[in-house]
2 protein chains.
Amino acid sequence: MYSFTEENYIKAIYKLQEKSGISVNTNAIAEIMQTKAASVTDMVKKLSEKKLLSYAKYKGVELTELGRKMALEMIRKHRLWETFLYDKLNFSWDEVHDIAEQLEHIKSTKLIDCLDEFLGFPENDPHGDPIPGKNGLIQRIELYKISELGIGEFGVISGVVNHSSLFLQHLEKNQLVLGKGIEIISKSDFDQSLRIKIEGGIPIMISNEVARNVLLKKSR
Amino acid sequence: MYSFTEENYIKAIYKLQEKSGISVNTNAIAEIMQTKAASVTDMVKKLSEKKLLSYAKYKGVELTELGRKMALEMIRKHRLWETFLYDKLNFSWDEVHDIAEQLEHIKSTKLIDCLDEFLGFPENDPHGDPIPGKNGLIQRIELYKISELGIGEFGVISGVVNHSSLFLQHLEKNQLVLGKGIEIISKSDFDQSLRIKIEGGIPIMISNEVARNVLLKKSR
DNA sequence: TAATATTTTTAGACTAGTCTAAAAATATTT
DNA sequence: AAATATTTTTAGACTAGTCTAAAAATATTA
């Protein structure tokens, strides 16, 4: 059984490895873990002994297959809990992260698989990020900004680029919520604003600013 | 913010205080916390400094109002999560406890209040134990053993006395699940076994052993 | 490539929570 | 009420995870 701290280190290292290539250095880990480099060295040695990552002094670390699998499990849990909070308990997009940060440490495979089923096997969390499957595979679904779609194309709102409360509240006020299907009606050559039709509603205008910050899964 | 360990101590002390009167002694705490008396002494001193309980050397401990409130919050969380697992994720009676033991430590008042609402403000958990309200009040509903009801009386299954997996599985096999309405048809003078009718089913026999371990809320 | 700057590691110490073994207080028995 | 048994506390040590300060390795610059 792994401690919360160990789990958080693995998740942090996974994220760093995702964006900045193969080997992750001590200082970078210290920064996102809000701790000191010396502490990271200690922990990294421990995780290395547990075969979760490979580590050579002064050379940075790299997750093993075991570590990678663990990181994906954490991310799966995190995103499923976020989806639960958003879909079932009506939390807003910006409230879910901190609570999911706690919930992702709950140990029970059955719990998370049942939750997955209860939520209808969602493919993306409320921020549009893909939810890894039971097998540890990420099914990456191509998401497009509204502004990238052509006239006549259809899509389902699946995420956002800008996560600010102000923006999320603006979307909600305009019925632009997760899961809604929309169709591109026309684009203005003047200010790149768009006219779109929301599923079961009348056509509305949205600014290019909005169109560049909402992500769609193409449909039809 | 309190640690998991501190929270578990407070919950344990509350439970002991419930059944065995006012002052709780060190060894009893050590036993249910699965630790040694020396460790209990240390922790109890700490909790005393935090005003969660009052403690006099060699005289045992007693929760303060603050400690009692905290214990009730823990119990509220525990029982709401158990209800969630049972009602929404279809866990069985005997599976919910261990996971709720982890979930009860999640820190978010909003989360637990939204969960309460999502579950329809349940009054009892899947074991029939009352769920403390937001205010910290326990609404105690009178529950009767099946064996205490008279012939012709009706009741809804609302809890159990014996919480063992073996017993809970036996009940499930015989359709004796939470929320089912039953009617007492007759009682045997020989072995105190009962004939009962389960809502929407045919009459069945149950042993006195079963009848003494299932709790009903009277109805009609 | 020598000097300097940066990064990483080591050494030793601290806290929370636990332990064992022994001492102190309380309870029970005779 | 003295002897014995039990319970509780103290003292000192251990582990996980953290820290600071200093040493060692690596990287950068002139």
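By convention in this document, chain letters (A, B, ...) are assigned in the order of the sequence lines, proteins followed by strands, and residues within each chain are numbered from 1. Everything numeric here is computed off the predicted structure, so don't read it as measured data. Just so it is clear, the values below take in all heavy atoms, side chains as well, and ignore hydrogens, waters and symmetry mates.
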Say whether A:His97 and A:His78, considering side chains only, have a donor N or O and an acceptor N or O under 3.5 Å apart.
yes
If you look at every strand shown and take non-hydrogen atoms under 4.0 Å, does A:Tyr55 touch a base, only sugar-phosphate, or nothing?
sugar-phosphate
Walking DNA chain D from its 5' end, the first of A:Ser3 and B:Ala56 to be reached, judged by nearest nucleotide, is B:Ala56
Less than 4.5 Å apart, side chain to side chain, heavy atoms only: is that true for A:Tyr55 and A:Thr41?
yes
Would you say the side-chain atoms of B:Thr64 pair up with the backbone N or O of B:Lys51, donor to acceptor, closer than 3.5 Å?
yes
Indicate the atoms forming the closest heavy-atom contact of B:Lys134 with B:Asp113, along with that distance.
CE-OD2, 3.1 Å
Using a 4.0 Å heavy-atom cut-off to protein, can you give one letter per nucleotide of nucleotides 22-29 of chain D, 5' to 3': B if the base is in contact, S if only the sugar-phosphate is, - if neither?
--BSS---
Figure out the NZ/P separation between A:Lys45 and D:dT18, and round it to whole Å.
15 Å
Which part of the nucleic acid, if any, lies within contact of B:Asn25, taking any heavy atom under 4.0 Å across all strands shown: a base, the sugar-phosphate backbone alone, or nothing?
sugar-phosphate
Look at the aromatic rings of B:Phe4 and B:His105 and report parallel, tilted or perpendicular, splitting at 30° and 60°.
parallel
A:Lys107, NZ atom: more than 12 neighbouring heavy atoms under 6.0 Å:
yes
A:Leu63 backbone acceptor or donor facing A:Gln17 side chain under 3.5 Å:
yes
Nearest-Å distance for atom pair OH/C1', residues B:Tyr2 and C:dA16
17 Å
Would you classify A:Tyr9 as touching base, sugar-phosphate or nothing, given that sugar-phosphate means primed atoms plus P, OP1 and OP2, and contacts are heavy atoms under 4.0 Å?
sugar-phosphate
Look at the side-chain N and O atoms of A:Lys36 and state whether any lies under 4.0 Å from the OP1 or OP2 oxygen of D:dA21.
no
Write down the distance between CD (A:Glu7) and C1' (D:dA16), rounded to a whole number of angstrom.
15 Å
Verdict with supporting geometry, B:Ile106 and A:Ile106, side chain to side chain contact (heavy atoms under 4.5 Å, CB included):
CA-CA 10 Å; B:Ile106 303 295; A:Ile106 302 296; 4.2 Å; yes
Just the rounded figure in Å: distance from P of C:dT20 to CG of B:Asp42.
13 Å
Pick the closest DNA chain C nucleotide for B:Met43 and for B:Ala38 by heavy atoms, then say which residue is nearer the 5' end.
B:Met43
Check every strand shown and say whether B:Thr41 touches a base, only sugar-phosphate, or nothing at a heavy-atom separation below 4.0 Å.
base
Answer yes or no: is there a side-chain heavy-atom contact under 4.5 Å between A:Met33 and A:Asn8?
yes
Taking the side chain as everything from C-beta on, heavy atoms only, tell me whether A:Ile112 gets closer than 4.5 Å to A:Trp81.
yes
DNA chain D base-pair string [pairs: Watson-Crick or G-U under 3.5 Å; |: paired with another strand]
||||||||||||||||||||||||||||||
Which ones in residues 26-35 of chain B lie close to DNA chain D, meaning a heavy atom under 4.0 Å from one of its atoms?
B:Thr26, B:Asn27
CA sep, side-chain torsions, deciding dist, call: A:Glu123, A:Lys217, salt bridge (Lys or Arg N to Asp or Glu O under 4.0 Å)
CA-CA 11 Å; A:Glu123 287 166 343; A:Lys217 183 160 59 182; 3.3 Å; yes
Ranking D:dC19, D:dA11, C:dT18 by distance to the side chain of B:Ser39, first place goes to C:dT18
Just by distance, with hydrogens left out, do B:Ser158 and B:Asn124 show a side-chain donor and acceptor under 3.5 Å apart?
no
